[in-house]
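For reference, the structure is listed below as structure tokens.
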Amino acid sequence: MEELLRLVGLEATGPDLFLDAREFPLRVPHSFIRRMETGNRNDPLLRQVLPAHEEWHEISGFRQDPLGEREVMSTPGLLHKYNGRALLTLTGACAVHCRYCFRRHFPYSEANPAGAHLDTALAYLERHEEITEVILSGGDPLALPDDRLGELARRLAAIPHVRTLRIHSRLPVVLPERIDDVLLAWLGNHPQRMVLVVHCNHPNEIDAEVTGGMHKLKQSGVTLLNQAVLLKGINDDAGTLARLSEKLFEAGILPYYLHQLDRVQGSAHFEVNDSAACKLMDHLHATLPGYLIPRLARETPGARGKHWLWPDRHG
Ligand code: SF4
């Protein structure tokens, strides 16, 4: 924490410095730090990664497993929650630790489709012909080495009813140097439809290097979408969200979801209430073309799909 504060030109003082964040330690790539504003303790990128004492407040309704994912785990590391799709939590590794992460308490060491668990997960996918799309998630699946990803993708491509491979990753945003020729060749040559859903919350996260990497991904034939999380003090104003949509579009990415926060223990200070969130969506609706307006959604444990909060709530 001291090193990060020093790099962004802030005094390394204050009660937060003495926090014990060992369970979910601070992690952030240098290229992401370079996008933070020097001397601004409220910088929206800094606030997403800097541990805060509020994380240790016990708030009712905020749980370790806010989406009840352990109940929908069909085999270790395979979540079959929605009809037609299944998700693999491939790794707990990420390039960045987002303080609001809903999987910050996820038991990756046992819920991981590696080794013998991978055979079990693939056998499940083969048996369930209704699954046409497999989502690689984590953690961050692109934190895995290319050879392991390539081997997994080859085995998934051999399942005839799986037609789409979707990757959920924050790496192309926080560590754009990950988009190298090896990865591009792998993505571009994969026989199934390939969708990459990136995770970007603020327009300042998108610089020229990120845009360049996204254009390369687009040229390799990948469909690019973004999911953001609505976060108090970070992106909960209409101007910021409108700029985010525009910058995503310049980078070749369509806004897909704006998620209401999943109520994970330690994240309550980031929550925006539904009524304020819907007002923000009304502003976006008045400003942006429809294709730049993300769906405001919430995930609820046990539901068979995401709940759209806007425009449903306002009719
Ligand atoms: S990159 Fe994604 S999985 Fe990793 S900490 Fe951030 S939100 Fe969680």
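As the structure lists them, so they are numbered: ligands from 1, and atoms in each ligand from 1.
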Validation: residues 224-233 side-chain donor-acceptor distances under 3.5 Å, sequence neighbours left out:
| from | atom 1 | to | atom 2 | distance (Å) |
| --- | --- | --- | --- | --- |
| N226 | OD1 | C200 | N | 2.8 |
| N226 | ND2 | C200 | O | 3.1 |
| Q227 | OE1 | H259 | NE2 | 2.9 |

Task: ligand 1 contact by G139, heavy-atom criterion under 4.0 angstrom - done: yes
Task: Those atoms of ligand 1 less than 4.0 Å from some heavy atom in R170 - done: 1 (S)
TODO: Look at ligand 1 and say whether V96 reaches it with a heavy atom at a distance under 4.0 Å.
DONE: yes
TODO: Measure C94 to ligand 1 on non-hydrogen atoms and call it side chain, backbone, both or neither using the 4.0 Å cut-off.
DONE: side chain
Task: Test side-chain hydrogen bond (donor to acceptor under 3.5 Å, both in side chains) applied to E205 and K247, H199, R170, the passing residue - done: R170
TODO: Starting from atom 6 (Fe) of ligand 1, locate the nearest protein heavy atom and write down its residue, its atom name and how far away it is, to 0.1 Å.
DONE: C98 SG, 2.4 Å
Open item on the list: Can you give me the closest heavy-atom contact between H215 and G252, atom names plus distance?
Closed with: NE2-N, 4.3 Å
Task: side-chain hydrogen bond (donor to acceptor under 3.5 Å, both in side chains) partner of E55, the single match among R104, Q265, H269 - done: R104
Task: Identified side chain to side chain contact (heavy atoms under 4.5 Å, CB included) partner of L149 from the options L187, L144, V182 - done: L144
- [ ] Identify the protein heavy atom lying closest to atom 8 (Fe) of ligand 1, giving its residue, its atom name and the separation to 0.1 Å.
- [x] C101 SG, 2.3 Å
Open item on the list: Using the ring-ring contact (aromatic ring centres under 6.0 Å, His included) criterion, which residues pair with Y82? Sequence neighbours excluded.
Closed with: none
Task: Option of least heavy-atom distance to atom 2 (Fe) of ligand 1 (set: H199, R104, Q48) - done: H199
